[in-house]
Every structure is written in structure tokens, then in C-alpha cells.
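Labels below follow one simple rule: chain letters A, B, ... track the order of the sequence lines, proteins then strands, and each chain is numbered from 1.
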Amino acid sequence: MALRAAEWQKLPISLMELCINTTLRCGQSFRWRKSAEDEWSMVLHGRILSFRQDATYLYYRATFPSALPTPPHSNTPSIAPPIASDEDDTLALIQHYFNLEPNLAQLYEQWASADPNFKKRAPKFTGIRILRQDPWEALIGFICSSNNNISRISGMVHNLCKHYGPLIGHVDGEPYHDFPTPEALADPKVEAHLKELGFGYRAKYIAKTARIVAEEKGLHWLEDLCNPESPIFGKEPKPADELAEGGREGYRKAHEGLLALHGVGPKVADCVCLFGLGWSESVPVDTHVWQIAQRDYKFGKGKHSSLTAATYTAVANRFRQLWGKEAGWAHSVLFTADLKAFSERVVAKSEIKEEKVKVEKEPDGSETIETVTDVTVKRVKRIKTEDEPEHDVVQIVGDLRTRSKRRKAV
DNA sequence: CCTGAACCTGGTGT
DNA sequence: AACACCAGGTTCA
């Protein structure tokens with residue numbers, strides 16, 4: 001398999017501007033895979049991209065598919081066409097995908113000065129950017145996300161690529177496929193197959209949506225819902241209209257259009273708008289965000305005691321009012337801070353402290369001092385209820401005590 | 001408009 | 001071990 005694996009390149013960028021370890025794991029894309037220690041890989045625009053990062057650089061490498069097609073056997077997706085080697089647009093692609101234009105540190109400052117809660121939560125979650133993902137991939141990925149968890153969603157999306165997406169190449173012996181086209185998922189056998197693969201009721205949503213996009217509306221319909229300022233890779237940006245309370249007109253049109261699809265409700269539509277269509281003011285209100293809105297932004301009472309459609313827009317509007325045009329970006333920071341996968345980073349009441357537990361005299365005259373480094377994670381939840389207005393619930397997440405013994409010479 | 005129930009599945013907690 | 005509960009919700013009555 002003659003794969004052209006390029007050398008590692010590097011792009012200077014600080015962890016405050018982009019942190020791939022957070023951005024690629026925070027549930028906005030379900031397709032990134034760990035290809036080695038501290039190395040993330042995925043297929044993008046017909047090539048495998050791999051990334052590493054340190055404090056000063058983002059390191060990247062592109063692996064293009066071989067020009068030689070391998071013999072296809074039954075039910076195997078076709079091989080992607082090779083890409084001309086002389087015009088390597090990988091750097092431009094990366095800058096587009098990671099959405100590197102906005103100054104993130106500046107935005108964090110803006111959100112922090114407008115919102116004390118953001119200011120409190122954000123310091124341990126810097127460098128989170130909204131990716132510019134393919135609209136079609138975002139649509140299918142977030143249809144999979146309904147009433148589901150990130151780990152299973154990732155597995156499902158991986159299965160879609162594996163069974164219906166073109167094989168691009170291998171990294172560390174593992175095959176990497178691109179995301180399937182609408183046509184590939186519009187096949188009549190797809191629904192039953194996806195059910196066998198454990199997609200549950202989402203199998204029907206995916207099959208229906210694929211048929212509508214492939215045979216009725218066309219992929220251009222979806223791509224034309226993009227924010228004109230933030231078009232798909234390779235297109236020229238054009239200005240968008242003014243921000244209103246409910247978002248720009250283009251955003252509202254896109255959201256409305258997506259709602260017509262089966263399996264797409266307000267939350268999924270917002271995820272597609274934010275992560276796939278470049279509408280930065282989109283604020284998906286899911287269970288996490290609803291919890292946050294109740295805990296930190298006084299929602300959950302009176303008219304907005306449950307997450308109805310009206311409450312949904314009220315919450316989203318509140319966050320747009322608070323954070324402005326890039327409200328969806330700020331939202332993702334707080335969302336990530338709420339994810340269990342990142343719970344070790346939550347603001348702990350007791351930070352690392354070391355205390356002596358016992359001192360043992362050894363027969364040889366030296367003494368052994370045993371210490372306990374208490375890094376037990378205590379997550380403090382501020383709960384507000386009717387009868388008890390405000391009390392803290394200290395949750396011991398994990399006992400991470402590390403005992404260290406060290407010898408002290410006499 | 002709002003409410004409640006059903007929906008697939010796999011991991012976690014009791 | 002069996003069972004409830006939950007996970008980036010949506011549909012239907």
C-alpha cells in the first residue's frame with residue numbers, strides 16, 4: 001500500500017488559542033481517534049490528518065491515499081480518488097477546520113468580563129474552539145447524539161465510516177475512512193443494517209435524512225444554510241446580516257430548515273448550526289446546559305420550570321444576550337467544564353495539600369516519613385431548592401490519595 | 001402551547 | 001444478579 005505519509009509540519013500556536021486535547025474530546029466531533037500517545041488522527045478532505053501539540057506548536061501530518069485502488073470486495077466502500085500532490089492545501093485546510101481566525105484569548109476576556117460565572121469556570125478550560133465541521137457529517141453525527149452518550153455516539157459514527165465511507169489509508173495499522181456521502185447512506189438496506197449495528201431508533205432517522213438529502217433536497221441545500229461569513233472549505237466568505245436577539249436571520253432560517261428533518265429537534269438543529277454551519281450564536285440547550293442554566297443562571301423556576309420549547313429559546317436568548325455573537329463558543333466552554341470526562345479539572349474545594357501522617361523510627365536510626373498527598377476531588381455543587389435556598393453538596397468523586405514514603409537520612 | 005410516554009442501547013450504580 | 005437510571009433528545013398522542 002503505497003501511502004504518501006508526509007513529514008511532521010508545525011504551526012506556532014499557544015494552548016490558550018487552541019487546545020486540541022480539549023477541543024477534540026469535548027463532544028463537538030465524534031470522529032477523532034487517538035492514533036498514538038498524545039496523537040489524534042482523523043480523515044479530513046480525503047486525507048488522514050494527525051496532530052500533536054506542545055506549549056508552542058501544533059504539529060501536523062497529512063497522509064494521502066494511494067493512487068492505486070485496492071480490489072473492492074462485497075459491501076466494501078470504494079477507494080477515494082487521490083489528491084494532486086503538488087498543491088498541498090493542508091495548512092489552509094487546518095486553519096479552516098480549527099477556525100483559527102478569531103482571537104480566542106480576547107473572546108474569553110470578553111465573556112469573562114460580561115459573566116462572573118464564565119470567569120470562574122473558564123480558567124481550566126482554555127483553548128476550546130468551535131470546529132468548522134462538514135455540515136453533512138455534523139447533521140448525521142448529531143442525529144446519532146439524541147438521548148445518547150458521547151462514547152456510544154463515537155462508536156456509531158465510527159461504524160458509519162467503516163461500513164459506508166471510503167477507505168483513505170492506515171495509521172499505525174488502523175484503517176481510516178472518510179465520512180459517507182448522503183448517497184451511500186440512502187441505500188435501502190441501510191436502515192436494517194444500522195439496526196443490526198446497534199443504532200436503535202436512530203437508524204430510521206439516518207436513512208430517512210440521507211434519502212431526503214441525496215434524492216430530494218440535495219447536498220447543496222444543506223451547504224447553502226452555512227453562515228456566508230464561514231462557508232465550507234474552498235468557498236469565498238461573504239458578509240452575514242446583523243445579530244438579533246434570536247440570532248441572525250440566516251441562523252434562524254437554517255435552524256428552521258433543519259427542524260423539518262426526521263430526528264432533528266431544536267437541540268440537534270442548533271448543534272448542526274454551530275458545529276457544521278458556522279453560526280456562532282447558536283446555543284444548543286441540552287441536559288448539561290439546562291442544568292447549568294438552572295444552577296448558575298436562575299432558570300428552573302416559575303414560567304421556565306421545565307425545558308419546554310419556550311424555555312429552550314429563552315435560555316438560548318439569555319446566553320446570546322450575555323455572551324454576544326460567539327455565544328455558542330462560550331457555551332461550549334461551560335458545557336465542557338460540565339462533562340464527566342473532564343471532572344478532574346473542576347474547581348476543587350481542597351486543592352492539593354500535603355500532610356504528614358506518621359513518622360516511623362527505623363531500627364537503623366533513620367526515620368521514614370509517610371505523607372498523604374490529598375488530591376481527593378471534591379466537587380461542590382450549589383443546589384437551590386424551595387425549602388433550603390442554598391446549600392453546598394460536596395461530592396467525593398474519587399479517592400486519589402497517593403501515599404508516598406520517603407527516607408530521611410539522619 | 002404544554003405534558004407525558006415511548007424509544008434503542010450500553011455503561012454505571014445499588 | 002437484577003434493575004433503575006442516565007447519556008449532548010425527538011416524536012407522537
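- One distance of note links OG1 of A/Thr336 with CZ of A/Arg345; it measures 8.5 Å at 0.5 Å rounding.
- Among the atoms of the strands shown, none is found under 4.0 Å from any heavy atom of A/Cys144.
- Using P as the reference atom, C/dA1 and B/dT9 are 23 Å apart when rounded to the nearest Å.
- For the P atoms, the distance linking C/dT11 with B/dG10 amounts to 23 Å, nearest Å.
- Among the atoms of the strands shown, none is found under 4.0 Å from any heavy atom of A/Ala203.
- Distance noted for atom P between B/dA6 and C/dA4: 14 Å (whole Å).
- In this entry the distance linking NZ of A/Lys204 with P of B/dA6 reads 17 Å, nearest Å.
- For the pair A/Arg47 and A/Asp178, the salt-bridge criterion is not met [side-chain N within less than 4.0 Å of a carboxylate O].
- Comparing atom distances between the A/Arg152 side chain and each of C/dG8, B/dC2, B/dT9 picks out B/dT9 as nearest.
- Comparing the same atom, P, in C/dG8 and in B/dC2 gives a spacing of 26 Å after rounding to whole Å.
- Side-chain contact annotation: A/Tyr164 with A/His193, donor-acceptor N/O pair under 3.5 Å present.
- Here C/dG9 presents its P atom at 16 Å from CG of A/Leu259, a figure rounded to the nearest Å.
- When heavy atoms are screened at a 4.0 angstrom cut-off, A/Val289 is found touching no nucleic acid atom at all.
- The base of C/dG9 has none of its N or O atoms less than 3.5 Å from a complementary donor or acceptor on the side chain of A/Tyr312.
- Set against B/dC8, C/dG8, B/dT3, the side chain of A/Ser306 has B/dT3 as its closest nucleotide.
- One atom, CD of A/Glu196, and another, P of B/dT9, lie 12 Å apart when rounded to the nearest Å.
- B/dC1 atom C1' lies 12 Å from atom NE2 of A/His304, rounded to whole Å.
- Base pairing analysis places B/dG4 opposite C/dC12; the two distances defining the Watson-Crick or G-U wobble pair are each below 3.5 Å.
- Aromatic rings of A/His331 and A/Phe319 (six-membered ring for Trp) have centroids beyond the 6.0 Å cut-off, not under it.
- Listed nucleotides B/dC2, C/dG8, C/dT10 differ in distance to A/Thr308; the shortest reach to its side chain belongs to B/dC2.
- Here A/Gly263 lies in heavy-atom contact (under 4.0 Å) with sugar-phosphate atoms only.
- Side-chain proximity of A/His262 to the nucleotides C/dA7, C/dG9, C/dC12 is greatest for C/dC12.
- In this structure, A/Leu261 reaches the sugar-phosphate backbone alone: every heavy-atom distance under 4.0 Å involves primed, P, OP1 or OP2 atoms, never a base.
- Looking at A/Lys267, its side chain has no donor and acceptor atom pair within 3.5 Å of the base of C/dG9.
- Nearest-nucleotide mapping onto DNA chain C: of A/Lys208 and A/Ser151, the residue sitting toward the 5' end is A/Ser151.
- Put simply, CG on A/Asn227 and NZ on A/Lys238 are 11.5 Å apart, with the number rounded to the nearest 0.5 Å.
- Nucleotide B/dG11 holds its P atom 13 Å from the CE atom of A/Met156, rounded to whole Å.
- Distance, A/Arg202 CZ to C/dG8 C1': 11 Å, rounded to whole Å.
- With distances taken from any side-chain atom of A/Tyr205 to the nucleotides B/dC7, C/dT11, B/dC2, the minimum falls on C/dT11.
- Taking atom CG of A/Asn148 as the reference point, atom P of B/dG10 lies 10 Å away to the nearest angstrom.
- Using Watson-Crick or G-U wobble geometry with both donor-acceptor distances under 3.5 Å, C/dA7 finds its partner in B/dT9.
- At whole-Å resolution of the value, CZ in A/Phe199 and P in B/dG10 are 12 Å apart.
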Item checked: Residue pair A/Glu39, A/Arg52: steps toward the salt bridge (charged side-chain N to carboxylate O under 4.0 Å, His left out) verdict -> CA-CA 5 Å; A/Glu39 179 182 310; A/Arg52 294 169 173 277; 2.9 Å; yes

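- Remark: A/His96 NE2 to A/Ile232 CD1 distance equals 8.0 Å, nearest 0.5 Å.
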